[in-house]
Structures are given as structure tokens and as C-alpha cells.
Amino acid sequence: MITCNKGKGFFHLSNSSVSLVLQLRQDGDMGQELLQTYFGSPIHDGDVSLPSYSDHFSNDGLRTVLPYACPIDGLGDYRPSMLRVMDSSGRRNAELFYESHQIAPGKPVLDGLPATYAENEDEAETLLITLGDPVTGLKAVCSYTLFASSTAVAANVKLINSGTEALTLENAASACFTFEGRYDMLHLHGTWAHERNVERIPAARMTRQIESCRGASGHEHNPFVALMRPEASEAYGECYGFSLVYSGDFRIAVDENCFGTTRLVGGLNPRTFRWTLKPGDCFQAPEAVVVYSSNGLNGMSQTYHQLYRSRLCRGYWRDRERPILINNWEATYFDFNHERIMKIAKTAAELGVELFVLDDGWFGQRNDDHSSLGDWVVNTKKLSKGLEGLSEEIHGLGMNFGLWFEPEMVSPRSDLYNAHPDWCLHIPGRRRTEARHQLTLDMSRKDVQDYVINAVSAILRSTQIDYVKWDMNRSFMEVGSELPVEQGEIVHRYMLGLYRVLAEITSAFPKVLFESCASGGGRFDPGMLYYMPQTWTSDDTDAVERLYIQYGTSLCYPASTIGAHVSASPNHQIKRVTSVEMRGLVALGGNFGYELDLSAQSPEDLEKIKEQISLVKNLRSTTNKGVFTRLLSPFDSNFAAWQFVDEKRVVLCVYRILAHPASSAPVIRLRNLPLGVSYRDENHRVLSSEALMNIGIRPELKNEDFSGFIQIWERE
Ligand code: GLA
């Protein structure tokens, strides 16, 4: 519900689990400024009052401490801001005052950008507050959507130039929230094959910030931050999440001032952004989803999981069980032909695998990573029966067929580059730096976008293709375009172009399952999930490494989005030897698949794989859609554990990393089960939900390095 009290000058967005308060503050004769004064457990309208610190400062000093909802540079608010607006002489010249507001049922669509959505009007309510600058004519429409049964608020700002002179935006972030008190900052950092490690930085009176300026959200920092009260943990205490629905350059800053007030602001990265707003132009900033939890990090994650699984992901596959796939990348790399693929596919089909994915190397002259990106034409030297013949034979085995693309790239050794050397990002007169022997196509150009749409669509139309892996394997350098626009716009225009391409292709092929990828998990973000409901999590497929990666990823992203494959042992990235059981139990924590030469496995392992596949088929409704709770962190201990719960069953997975003599596994107490319910294990032993949560169980984990344990309780 959204209430507006004009007399007292506040807006209160609330439901049974959260309240967000925005207040208007009179600034002399100038007008009313918009403050965001509360976000947390539900309060009453009558509880809303201005914070007491407003009395202690003179007017100019006050600007450094006020909790502005849309802070702007240049006017005495020295903290990280949302907006930096220059007039035509280069002055930082804009100031925003309340003009009007509107309360709308449901949630408006964001033009050209990914965003969460409401399926009908009573699922959410949106407050749109228009602020305006009487001098330049700049308007900022600040939007806040509260979902009816969630502690998530989706926020964004739209900027409009209603004046007569062009303005330049040098910063246009998405949202700013202020919290009283000190907060630890948790973020997910990494690098290639080592994504989303959890790091908790204690509260500090400084600006802590994460960012990407690589053209993708990146392996280094995920566009997600959690703020935690110092006493908060996985299970208890107050936490906030900030997640940006965007796939390119971003910045999220957490600033604590000397009064112990914490400002959280995030959006496009001002380091690589500039935009000209001509009279009459609009600029839409991406959406940020901010979540409140009074139940620790797990409470926050569950809110994101629920919202992103059901109101960010879309389409035919959103609610469907995802197929168990086999991907040939780690089985063959570039070295395959029709017969070799069919050999793996036949074994996979016999074991019950449902989808065969042909990875890199099927097109142009691509026998290694030195050539052919952009030439999306099948290589019939390798695939003697073409894609059509291969797809037909794979379908004949009762499996679906999927294909890898890297459409945003071009190899300098390709027909595409020879025909259009100006189609890549480049700065005239500078070298074109290759990474993985490739250049980035200039997706800000409509002709390039159209080429990509047509090239990918032609293949998808040419034969039965049920799945696409959409890869992106390098960061931006030398960002320049022949598009006649302010060149500071190119990084964001690239992303808008890519989103257009994804919107066109995914709507033209609604039944195709799309999975995004960027050298593993280099673009695992909510923006991509809007178009493609699953993501390849990491190029590191080692089961133990994956415990950390999947644990970190689960902070913000639901299991149904996390691609997780059983690969070969010794593992190809780090040579670790693990059992097929351990590898299977770790992959069960995400979207399950295989990535090894199944036709070369021992008969014993093949028997185990067959059992694994039938177990996954039996459990995937629960592991894809059930409530996921982290129980033990590999970052803090020698064990990892998590549980999935739905109305049918409880699935508990526990993993030991290293074995020690005379050590026993810890007792695991399950969490958040419905009270008064009986559960039966496979030995017909019945336990109450109270027993599972309060007494717990000691998992029968082997005292061996890298061992896994699963226990399933069916609801009586
Ligand atoms: C990237 C992906 C891998 C694989 C290769 C193919 O690294 O993350 O899964 O598809 O490209 O070149």
C-alpha cells in the first residue's frame, strides 16, 4: 500500500513485512527536497517524523548529512551522488525540487531495459515522484515499486530535459538509500574461473565501492552488495541487498560518514559514462532492486530468489523444469566431427540426458580460438551432415539439440571482418587490441545489431535448435564507434543495442532455452536473466571450487539460474581428483548437466551417472523452485551445507572439503521448515520438522577428502 500525506509531506510504501518512507523537506523559499528517511520493518503512518539530526546543522552543513533520495553533485552534498549534470558552459548546474507525484497500480515497463515486472496490477504498486529544476528545466522522475508480498523495492530514475539548452549527464545512477547506523559491506569478488567469492568488509568511515569498467558486469565484482548490521549473520539480524538490473559498467558505493549514517548508491559507472540530453530528450537509468531482511542473509537471498525466478526471468522456460544437458566443450574442445559428437550423444541418451549442446568450433574455419567469430556458417568439413543432419540424428535419439554462439564478437581472421573492418569498437589511429584473438563488435550500431539478429536467426531457423548458449569472451578496450554521437555514450549504447538484439531474438524464438555465458560467469547478472533464464556460472568446473562459487552466487541468484555441470576427473582446470558422486552432488545445487566425454567413462561410473540422472529428475522440481537456505559456508569452515524445501520434501546436501583423522561431521540443524510437519526418510524413519530444526542430524559423510552427502525427507 502507498499512502501520501501531503500535509505532513511524506509517502509511505508498506506491506506486512516492510516499510519505505520518503519525505519532503522545505528548503527556504526554494522548494521541497526529497529525502528517503526509512526502509525496514513495518511502521505505522503515525510513526513517521523527520530525523532529529536536522536541528544540529546550519543549512549549508545540513546538505552533507541529509538522506537525499536523488542526491546531485555540486550543491554541498559531498557524498557519492546519483546525478552530475553539466550545463552548456560546463558548470555543474542542477537542483531538484518536488513538483508532483503519481501512485500507479502494478509496475510500469522500462523502455529498452531489463527489469522486474508485475503480472497483474495487484501484485505491486508504484510511486512516481517528479522533481524539477527551475533553472535548467531538468526533471527527474523517481520511481519506487513495492511488491505486495515481498520485501523488495525496485527503484529507478528517468531524466527529462524540458529546458531549452542541452545538458550533459556525467553520472546518472539508479537509486540511493540511506540507513542510520553502521553496516558491514558484503560483496562478491573474483576473476576468471574464480567468480563470486564472498568478502565481508567491516563497517568503516569511508567510501567502499565496487565497479566494472570492462563493458560487462564482469568476473571481478558482481553488481550486488549486501549491507549487514555488524551482529547480523546468515540466519539472524538486519541486512539490505542492492542489486543492479544491468549487464555493463556499473558502480555501487557504500559511504559511511562520521555520524555513522550509511549511504548506498549504485547504477551506471560514471567513469565510463557521459550522455547528452538535448531539449526534449529522456534518459532512463537502469533498475536497482533493494531488499530488506530481518532474517539475516538467507532472508535477503530468499527474497531475491523468489523475485528473480518468478518476476525477472520470463517466458516459456521460466516455470518449466530445466533439461539435463551434456555439453561437449570439456569433452572435445575444438577437436570433433559428426561421428565423435554422435558417440557422446548416444551414450548420453542411453543414460537419460535430455539435451545435447554443441559448443564452440562448429562454424567457419574455427579449429582453435584464432579465427571465424562472426562467420556463423556451419563447417561441413567437421560436421559432414551439417547442423541439420546432426540435429536430426540427435533428435532421433530422443534428445533436444543446442548450439553455442558468441554473437557480439568478430575475429580479425574472418569474412565478416574483411567485409566490415569498421564494425568493431575502435578508436581511429589507435591499435585494435585483441583479447583471445578477437575484437568486440560495435553493438551501439543498428546495422551491426541487425547483422547479429539475422545471422543468429538464420541458424535458428535452418534446423531444429532447442537451446542457445550465448557467450561473450572479452572485455572492452579502445571504446570508440563510428556512430556520430558523443563517444562517452558508447558503453551504455552498446548495452542498449545488445538488449534490443536479445529482445528480438528471444521473442522470435520463444521456445528456445537461452543460457548466457561470458568466459564462464563474467556476466552473471539480473540484466541477462531477464532475457535468458539461466547462466553458465564459471569455467571452473572442479566440484570443490564450485562449492565456493555456487555458495557466493546464491547470495543473490536462484538455483534455477546457476548452470552446474559434472566434468572430468582429474579436473581440467586444477587437476583435482574427485568422485563422480561428489561432482554430482555439487552440480545438483544448480541447473544440472554434464561436460565430459561420457563415452569414455568406466562402466561403474556410467552406472552411477544413470542413478544420478534419475535422482535429479526426481528432485529437480524441489531444487529448481524450492526455498534454498545456506547452512554451512565453505568460506568459514571445512564443510558446506544447504537445503531445499518445498511442499513435497526437504533435500539436504552436505560436503566435506578436507578429511582429518578422528574428525566427525558437525550436526546440521535444518532451518525454516513448516512447524508440525512429519517427514519420512528413505528408511521410513519419521522425524518431525521440530526434530530436524532443533535436534538436527549428523550427516554420514565419509571421512575422505571431497565427500558429499544427500538426505531426502518426503513430507508425510
Ligand atoms: C567460454 C565459455 C566456455 C566455452 C568456451 C568456448 O570460455 O565459458 O564454456 O564455451 O568459451 O570457446
Side-chain angles (χ1 to χ4, degrees), residues 190-196 214-220 222 247 325-336 340-341 344 355-376 379 382-383 401-411 413-414 434-441 456 459 465 467-475 513-525 528 532 534-542 545-546 549-550 553 561-568 571-574 583 587 590-597:
T191 183
W192 171 76
H194 197 52
E195 298 90 337
R196 289 173 296 285
R214 292 170 172 264
S217 49
H219 297 87
E220 286 66 22
N222 197 260
S247 313
L325 65 82
I326 167 94
N327 176 304
N328 73 306
W329 178 241
E330 288 195 16
T332 66
Y333 296 102
F334 293 102
D335 182 18
F336 60 81
R340 187 153 182 221
I341 293 298
I344 302 173
L355 166 68
F356 187 95
V357 179
L358 182 61
D359 211 278
D360 195 355
W362 57 267
F363 52 92
Q365 308 298 317
R366 187 128 165 125
N367 296 316
D368 54 35
D369 59 11
H370 284 61
S371 81
S372 301
L373 292 173
D375 298 345
W376 301 108
N379 179 346
K382 274 176 158 175
L383 298 176
F401 178 59
L403 202 56
W404 180 96
F405 289 90
E406 196 180 351
E408 299 158 64
M409 296 293 153
V410 62
S411 308
R413 282 175 57 202
S414 67
E434 293 172 25
R436 210 191 184 206
H437 317 287
Q438 64 199 54
L439 297 166
T440 311
L441 283 176
V456 174
I459 296 283
I465 292 169
Y467 161 107
V468 166
K469 178 174 171 186
W470 185 291
D471 210 342
M472 192 275 195
N473 284 324
R474 66 158 292 177
S475 301
L513 174 58
F514 284 82
E515 173 159 339
S516 76
C517 175
S519 303
R523 206 162 57 179
F524 201 132
D525 59 59
M528 282 293 133
M532 308 191 247
Q534 55 191 60
T535 305
W536 179 227
T537 310
S538 176
D539 275 349
D540 188 345
T541 58
D542 171 69
E545 295 275 297
R546 275 302 187 110
I549 295 170
Q550 290 172 205
T553 307
T561 64
I562 298 177
H565 299 170
V566 173
S567 63
N571 170 266
H572 288 195
Q573 292 80 41
I574 61 163
R583 283 173 274 151
N591 236 323
F592 194 89
Y594 291 89
E595 183 143 347
L596 74 175
D597 186 350

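Just follow the structure's listing: the first ligand is 1, and inside any ligand the first atom is 1.
- The ring-ring contact (aromatic ring centres under 6.0 Å, His included) search around Phe524 returns Tyr557, not counting sequence neighbours.
- Heavy-atom contacts from other residues, nucleotides or ligands closer than 6.0 Å to CZ of Arg366 number more than 12.
- Between the side chains of Ser371 and Gln365, no donor-acceptor pair is found at a separation under 3.5 Å.
- For the pair Arg196 and Trp536, the cation-pi criterion (under 6.0 Å, within 45° of the ring axis) is not fulfilled.
- Applying the side chain to side chain contact (heavy atoms under 4.5 Å, CB included) criterion to Ser516, with sequence neighbours excluded, gives Met528, Met532, Thr535.
- Enumerated by chain and number, the residues approaching ligand 1 to less than 4.0 Å through a heavy atom are Trp329, Asp359, Asp360, Trp404, Arg436, Lys469, Asp471, Asn473, Cys517, Ser519, Gly520, Trp536, Asp539.
- Under the side chain to side chain contact (heavy atoms under 4.5 Å, CB included) criterion, Asp359 pairs with Asn327, Asn328, Trp329, Trp404, Lys469, not counting sequence neighbours.
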